[in-house]
Amino acid sequence: KASARGFEQPPWCVPRPKARALPPISMESVRSASRSKATAGPLVGACALAAAGIASQSLDFALPAGRVSSPAGYGQAAQHTASPSETAVGAPTSARQAASAPAALAAMAVAGSALGTAAGSRRRRAAVAQRASRVNPDDFSDVCEQTGITLSRYLIESTKRGVIDSDLASVFNSIREASKVISKLVNTAPLRQAELLGLEGEVNVQGEDQKKLDVITNDVFKAALQYTGKLGTLASEEEDAPVIGTNASDALPVLSDTFAETGKYVCVFDPLDGSSNVDAGIPVGTIFGVFREPDADACELPDDLDQLSSEEAQCLAGALQPGKALVASGYVLYSASTELVLTIGRGVIGFTLDASIGEFVLTRPTIEIPKRGKIYSLNQANINEWDEPMQKYIQAIRSGSGESGKAYSLRYIGSMVGDIHRTLLYGGIFAYPADSKNQDGKLRLLYEGAPMSMIMEQAGGKAVTGHSRVLDIPPTKVHQRVPVILGSPEDVDECQKYYFESNDPVLKARCEARLQGLAKA
């Protein structure tokens, strides 16, 4: 701010002693040298500094060395009243300044051109680096016209470009093969009812009756992943505790031992989400997430890994990481078609199973959720049991009194994968909120809430529990539950406002407990 008003001047407004004389710079030498790749970089910097010195010598003030952040921190130039020396830039007040103004303006032009060239060079290098790290299917060459881009080809290209490593590609390949088997089982279940449909007769760790397909698909998924040798640990909805990620085998003893040393990932999954609907032929799905495995040496484990305590199992799992630590996430929808939706942290992409060639083929190169939708998806029968903020929000959007001014339509399958797939493509909001009977929700954080939240955020959406972001919550147990509200960013923001405006101390305390890792499992 101007010193005339009693405020301290910004650094670039303070007059300084005249710069020492600089040798004249030939524009032709600048042009010829800049064409040389060997000298272009250093010369650009030298020209910029020299031109800045000439300008400061001619105009008696120091040119700013760079942009100064505003108090708000957004990188904007600070606003201030012009000082006398700054005013002289546009209107020279002395004969010497008037005489040297053309030279100064030329010098500033050289400085601007030089700095612009340097900035342009940096931008080009950054753009090249960004393209190298991003897998754009349009860049693939020699794509088969009969098959298109398959998931196998996509993984190969991602590995060659350094986006994923070969271990992670191996994990995805196993997920791909397991999904094909599960798709066939789901599609043929009505023809093999005695084998595949109905209850298994057992109850899982969460107190839920297991379907026959729950157990079968869990075994399929687990076996496929274990024999990659790239996983340290597996955690599944159908397993009471995490299991070793590599399966020793009499047939492959040496190979399995070798693989066991290379496992560096943790895979969490729900092999058949919505299995209660499978007998009715309603869409179901598989959800998975991949973490990097932490240092397992810190765990003190017994020789017999079948007799782990709950604390030892949690340490072994390495899976008790917040969702923001996920390396990749995805889901497979088994419906009219079998679709695999995947993110590796660089957007969301979708593949469809072509049964004729037994391959997942790229059908959705980029999946981005609309900013706002007109569909809400949840079990509205429980509205009287929900927290007050959620009740008010749903009442507003279904009556048309919400921010959009339009009444939303209810669409609810009761299968998380199916409901979220539709929400991802058409926009809107999906929720399984907390209620009076389930104050921490019903969806599992580790292998349902976190992977789906990563997908939603990578597609441009948002995922919250009400007050906080789902991906920020550290799990305390493998089967911990969490409320989930996710979908289009504007819809989620509108819903979250009702929670922020709520003065319910109990609701806020529950949210804080989750963020601090104190929530009940």
Side-chain angles (χ1 to χ4, degrees), residues 204 206-208 237 268-270 272-277 282-289 323 329 331 333 369 373 375-395 397-398 408-424 426-457 459 461-473 475 477 479-488 491-492 494-496 498-499 507 510-511 514 519-521:
N204 64 20
Q206 292 128 101
E208 301 169 337
E237 179 184 20
V268 295
F269 60 93
D270 182 351
L272 199 64
D273 176 73
S275 58
S276 61
N277 293 324
I282 293 174
V284 292
T286 297
I287 307 170
F288 61 88
S329 296
Y331 64 79
L333 173 67
I369 190 170
I375 296 173
Y376 67 103
S377 181
L378 39 65
N379 187 356
Q380 194 167 272
N382 294 329
I383 189 169
N384 293 330
E385 308 298 326
W386 294 338
D387 295 322
E388 185 181 6
M390 195 67 192
Q391 292 184 26
K392 290 182 176 180
Y393 170 68
I394 294 300
Q395 290 167 355
I397 62 172
R398 73 179 182 182
Y408 281 37
S409 300
L410 172 64
R411 298 285 186 273
Y412 185 62
I413 301 173
S415 173
M416 185 184 187
V417 173
D419 283 316
I420 287 185
H421 188 68
R422 181 195 56 247
T423 302
L424 197 62
Y426 301 156
I429 193 165
F430 167 87
Y432 209 123
D435 56 42
S436 58
K437 294 182 292 185
N438 304 282
Q439 294 187 347
D440 283 308
K442 289 199 68 175
L443 297 179
R444 268 65 56 149
L445 171 61
L446 199 58
Y447 43 81
E448 292 176 332
M452 286 300 200
S453 296
M454 180 185 184
I455 293 169
M456 192 59 65
E457 289 194 4
K462 291 188 175 183
V464 300
T465 63
H467 281 97
S468 56
R469 180 176 175 238
V470 174
L471 295 181
D472 287 337
I473 299 175
K477 300 286 184 180
H479 302 292
Q480 178 180 333
R481 299 176 187 265
V482 66
V484 171
I485 303 167
L486 49 78
S488 297
D491 287 315
V492 175
E494 181 180 355
C495 178
Q496 199 169 22
Y498 287 84
Y499 282 86
L507 186 59
R510 288 206 307 265
C511 175
R514 292 190 204 104
K520 298 178 181 178

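In what follows, every heavy atom counts, from backbone to side chain, and hydrogens, waters and symmetry copies are set aside. Index from 1, following the sequence.
Interatomic distance, L446 CG to D270 CG, rounded to the nearest 0.5 Å: 11.0 Å. To the nearest 0.5 Å, atom NE2 of residue H421 and atom CD1 of residue I455 are 11.0 Å apart. With rounding to the nearest 0.5 angstrom, the CG atom of L378 is 4.0 Å from the CH2 atom of W386. Rounded to the nearest 0.5 angstrom, L486 CG and S453 OG are separated by 5.5 Å.
Heavy atoms only, all atoms of each residue included: G427 and S488 are closest at CA-OG, 3.3 Å. Nearest heavy atom pair, residue Q439 against residue S436, reads CG-O, 4.0 Å.
The side-chain heavy atoms of I485 and Y393, taken from C-beta on, include no pair separated by under 4.5 Å. In this structure the side chain of M390 reaches within 4.5 angstrom of the side chain of C495, judged on heavy atoms.
Atom OH of Y412 is surrounded by more than 12 heavy atoms from other residues, nucleotides or ligands within 6.0 Å. Heavy-atom neighbours of Q380 CD from other residues, nucleotides or ligands within 6.0 Å: above the threshold of 12.
In terms of the side-chain contact (heavy atoms from CB on, under 4.5 Å) criterion, residue partners of A434 (sequence neighbours excluded) are, by chain and number, D387, P483, R510. Residues satisfying the side-chain contact (heavy atoms from CB on, under 4.5 Å) test with S415, not counting sequence neighbours, are D273, N277, I413.
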Begin with the C-alpha distance, continue with both residues' side-chain angles, and end with the deciding distance and a verdict on side chain to side chain contact (heavy atoms under 4.5 Å, CB included) for R422 and F430.
-> CA-CA 10 Å; R422 181 195 56 247; F430 167 87; 5.9 Å; no
After noting the C-alpha distance and the side-chain angles of I420 and M456, does the key distance pass the side chain to side chain contact (heavy atoms under 4.5 Å, CB included) rule?
-> CA-CA 9 Å; I420 287 185; M456 192 59 65; 4.0 Å; yes
